[in-house]
Colleague: 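The structure follows.
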Amino acid sequence: MKIGTRIFNPLSWGLLLAIAATGAGTLSLQSAKAAEWARVIEDDRAIKIETDKLEAVIPKRDPKHWMTGIEKGSFLDKATGFREVGDGLMVVDWLMEAGSDAAWSDQVIAPDGHGVGRYAWYENETDPGRQSYARMAHGSSHRKRMVEGPQLCHRMKPVQPEIIRGQDFVAITTTYKYEYAAPGRNPGSQWTQRIVFPRGERYFVLMDKIDSVNDSDEMFLRNDTPGCIRHERGDTFSEIYLSYLSGPKGVRIPSSEFFSPFPPDLKFGYRRDTHRTPEHFIRAYRLRNEETGEDGPWLAGLTLEPSVVYEAWCSQRPGGIIVMIEEIHGRPVKAGESFSAAHIVGYFDNLEDMHRVYERYKGRTVLTADASGWQLLTP
């Protein structure tokens, strides 16, 4: 059944009664105007959120680029007019684990990408071109394999997210069960992505959670945090900031470092087993006006509990795309157990603002929301 367009304003019944009681008084005008800080516009394809600070679209079907997360090009900072310049934000892939899938080569069937296929690893390939692609995309130092699929951003079927409208926030929750599993594993682990847009903020809060139906010694969920960057010799961004490299203050990397492709394990990579766990885990890029060359705001992804990051990289692939993949958890999991990570993603004027927000919510991995409010929690 097709869903028609619906427009919601988070205006409480109590406020409506107060407005009616006061007639044309001060409360009726000021309170009504204040309550219109957000609109949610839903149709059969997507949900659009407009707040006092941001715009964003969450696809339900037929995405402009990928399913999951925030749709490509839709994330607008009203203060500056800048938008995200990649392929969307907080985009989700497979459930994975460390190890080789070499023994599965004659058992895995994934027609048109539906299913669990062979990981693009250079040792899995015989064609020189495919070998080169695999090295550039995934490196050659840490072999991995898929546990459950499909790759959600590519192959997720239509969804119907839950919308909660509070007095000072809007929350969108999407769930999906993985449909395919590697040989010897079970399909059906559930992915939950909850996104909260708080009133008055230039960022959203997000949680990815997995309820697993499989055992694994080292299970992780792969996503893009905050998202990839599309550019031609730095025309859309001027620098990248990684808080977890080169000491406690992090490193600022000029766009010129990304003019030529390089694999993820050559530079700017992070692994929990080889790096010190940082105080803050922040990945950000400074937007640039393509016409004038002037710098804009930073677009940042803050993973609020640094220890949940299993591996992360920031690498330039052929074709003008910087990939900012992040993998969360990477620890033993038993069937029936869950794991999650919480993030803040949005626009910031400077690095100090990012760290101040981070310190406020540091250590949280769980995001809850109901009609009474939303919370970031520790496990």
Colleague: Please report the interatomic distance CZ(Arg360) to CG(Leu376), rounded to the nearest 0.5 Å.
Modeller: 9.5 Å

Colleague: If you round to the nearest 0.5 Å, how far is CD of Glu290 from OG1 of Thr236?
Modeller: 6.0 Å

Colleague: Show, in sequence, the C-alpha distance, side-chain angles and deciding distance for Ser238 and Arg288, and conclude whether the side-chain hydrogen bond (donor to acceptor under 3.5 Å, both in side chains) test is met.
Modeller: CA-CA 6 Å; Ser238 59; Arg288 169 181 278 170; 4.7 Å; no

Colleague: Does the pair Asp208 and Gln193 meet the rule for a side-chain hydrogen bond (donor to acceptor under 3.5 Å, both in side chains), with working shown?
Modeller: CA-CA 5 Å; Asp208 282 316; Gln193 187 173 74; 3.0 Å; yes

Colleague: Go through Thr175 and Trp191 one step at a time and tell me if the side-chain contact (heavy atoms from CB on, under 4.5 Å) criterion holds.
Modeller: CA-CA 6 Å; Thr175 60; Trp191 163 74; over 6 Å; no

Colleague: Which pair of heavy atoms, one from Gly117 and one from Met146, lies closest together, and at what distance?
Modeller: O-SD, 3.4 Å

Colleague: Is there a side-chain contact between Val345 and Met90 in this structure, where contact means two heavy atoms from C-beta onward sitting under 4.5 Å apart?
Modeller: yes

Colleague: So that I can tick it off, tell me whether Lys144 and Glu327 are bridged by a salt bridge, with the cut-off set at under 4.0 angstrom between side-chain N and carboxylate O.
Modeller: yes

Colleague: State, with a plain yes or no, whether a side-chain heavy atom of Met324 is found less than 4.5 Å away from one of Pro226.
Modeller: yes

Colleague: Go through Tyr122 and Tyr133 one step at a time and tell me if the ring-ring contact (aromatic ring centres under 6.0 Å, His included) criterion holds.
Modeller: CA-CA 8 Å; Tyr122 76 101; Tyr133 167 79; over 10 Å; no

Colleague: Can Arg185 and Glu97 be counted as an ion pair, charged N to O under 4.0 angstrom?
Modeller: yes

Colleague: What's the separation between atom CG in Asp168 and atom OG1 in Thr51, rounded to the nearest 0.5 Å?
Modeller: 12.0 Å

Colleague: Where is the tightest heavy-atom contact between Glu179 and Tyr176, given as atom of each residue plus distance?
Modeller: OE2-OH, 2.5 Å

Colleague: Would Trp298 and Asp349 satisfy side-chain contact (heavy atoms from CB on, under 4.5 Å), going step by step from the backbone distance to the final call?
Modeller: CA-CA 6 Å; Trp298 291 86; Asp349 291 328; over 6 Å; no

Colleague: Would you say Phe237 ends up clustered with Phe259 if hydrophobic residues are merged whenever their side chains have heavy atoms under 4.5 Å apart, either directly or through other cluster members?
Modeller: no

Colleague: Between Arg202 and Thr80, what is the shortest heavy-atom contact and its length?
Modeller: NH2-CG2, 4.0 Å

Colleague: For Phe339 and Lys209, run side-chain contact (heavy atoms from CB on, under 4.5 Å): C-alpha distance rounded to whole Å, both residues' side-chain angles, the deciding distance at 0.1 Å, then the answer.
Modeller: CA-CA 6 Å; Phe339 63 87; Lys209 179 184 177 185; over 6 Å; no

Colleague: Apply side-chain hydrogen bond (donor to acceptor under 3.5 Å, both in side chains) to the pair Glu148 and Ser189, showing each step before the final yes or no.
Modeller: CA-CA 8 Å; Glu148 291 182 71; Ser189 292; 2.4 Å; yes

Colleague: Looking at every non-hydrogen atom in both residues, tell me the closest pair between Glu84 and Cys228 and how far apart they are.
Modeller: OE2-O, 4.5 Å

Colleague: Taking the basic N atoms (NZ, or NE/NH1/NH2) and the acidic carboxylate oxygens, is any pair closer than 4.0 Å for Lys267 and Glu257?
Modeller: yes

Colleague: Can you establish whether the number of heavy atoms outside Lys64 located under 6.0 Å from its atom NZ is more than 12?
Modeller: no

Colleague: Honestly curious: do Val357 and Leu206 fall in one hydrophobic cluster under the side-chain, below-4.5 Å linking rule?
Modeller: yes

Colleague: Using a strict 4.0 Å threshold on nitrogen-to-oxygen distance, state whether Lys362 and Glu279 make a salt bridge.
Modeller: yes

Colleague: Salt bridge or not between Glu326 and Arg283? Use side-chain N to carboxylate O under 4.0 Å.
Modeller: yes

Colleague: Any side-chain heavy atom of Glu311 within less than 4.5 Å of one from Pro264?
Modeller: no

Colleague: Tell me, with the steps shown, if His142 and Tyr310 meet ring-ring contact (aromatic ring centres under 6.0 Å, His included).
Modeller: CA-CA 12 Å; His142 195 189; Tyr310 175 67; 5.5 Å; yes

Colleague: Run the side-chain hydrogen bond (donor to acceptor under 3.5 Å, both in side chains) check on Asn223 and Asp93 step by step: do they pass?
Modeller: CA-CA 6 Å; Asn223 63 22; Asp93 285 345; over 6 Å; no

Colleague: Given side chains that start at C-beta, do those of Pro263 and Arg135 come closer than 4.5 Å, heavy atoms only?
Modeller: no

Colleague: Would you say that Val333 contacts Asn214 through its side chain, given a criterion of any heavy-atom pair below 4.5 Å between the two side chains?
Modeller: no

Colleague: Gln131 side chain to Glu125 main-chain N or O, any donor-acceptor pair under 3.5 Å?
Modeller: yes

Colleague: Transitively linked via ILVMFWY side-chain contacts under 4.5 Å: Ile325 with Leu245?
Modeller: no

Colleague: To the nearest 0.5 Å, tell me how far Gln160 CD sits from Asp44 CG.
Modeller: 10.0 Å

Colleague: Would Phe75 and Phe204 satisfy ring-ring contact (aromatic ring centres under 6.0 Å, His included), going step by step from the backbone distance to the final call?
Modeller: CA-CA 10 Å; Phe75 192 54; Phe204 61 84; 5.4 Å; yes

Colleague: Can you find a pair of side-chain heavy atoms, one from Ile70 and one from Ile195, that are under 4.5 Å apart?
Modeller: yes

Colleague: Looking at every non-hydrogen atom in both residues, tell me the closest pair between Leu299 and Tyr347 and how far apart they are.
Modeller: CD1-CE2, 4.1 Å

Colleague: Between Val57 and Ile41, is there shared hydrophobic-cluster membership here, with clusters defined by ILVMFWY side-chain heavy atoms closer than 4.5 Å?
Modeller: no

Colleague: Applying salt bridge (Lys or Arg N to Asp or Glu O under 4.0 Å) between Glu71 and each of Arg45, Lys48, Lys60, Arg83, report the one that passes.
Modeller: Arg45

Colleague: Just how far is it from atom OG1 of Thr173 to atom CD1 of Ile164, taken to the nearest 0.5 Å?
Modeller: 5.5 Å

Colleague: Report yes if the side chains of Leu266 and Trp313 come closer than 4.5 Å at any heavy-atom pair, otherwise no.
Modeller: no

Colleague: Could you check Tyr358, Tyr241, Tyr244 and say which one makes a ring pair (Phe, Tyr, Trp, His ring centres under 6.0 Å) with His280?
Modeller: Tyr358

Colleague: Test ring-ring contact (aromatic ring centres under 6.0 Å, His included) on Tyr270 and Phe281 and set out the steps.
Modeller: CA-CA 11 Å; Tyr270 170 89; Phe281 205 97; 5.1 Å; yes

Colleague: Are Ile58 and Leu76 in one and the same hydrophobic cluster, where Ile, Leu, Val, Met, Phe, Trp and Tyr link if side-chain heavy atoms are under 4.5 Å apart?
Modeller: no

Colleague: Kindly check if the number of other-residue, nucleotide or ligand heavy atoms within 6.0 Å of CG (Asn350) is above 12?
Modeller: yes

Colleague: Relative to each other, are the rings of Trp121 and Tyr119 parallel, tilted or perpendicular (30° and 60° limits)?
Modeller: parallel

Colleague: Any side-chain heavy atom of His231 sitting closer than 4.5 Å to one from Gln316?
Modeller: yes

Colleague: How long is the straight-line distance from CD1 of Ile210 back to CD1 of Ile328, given to the nearest 0.5 Å?
Modeller: 7.0 Å

Colleague: Before you tell me yes or no, could you show the steps for Ile240 and Ile229 under side-chain contact (heavy atoms from CB on, under 4.5 Å), namely the whole-Å CA-CA distance, both residues' side-chain angles and the distance that decides it to 0.1 Å?
Modeller: CA-CA 10 Å; Ile240 286 176; Ile229 305 168; 3.8 Å; yes

Colleague: Which atom names give the shortest non-hydrogen contact between Thr225 and Gly301, and what distance separates them?
Modeller: CG2-CA, 4.3 Å

Colleague: For a side chain to side chain donor-acceptor pair (under 3.5 Å) with Asp101, tell me which candidate from Arg145, Gln107, Arg118 qualifies.
Modeller: Arg118

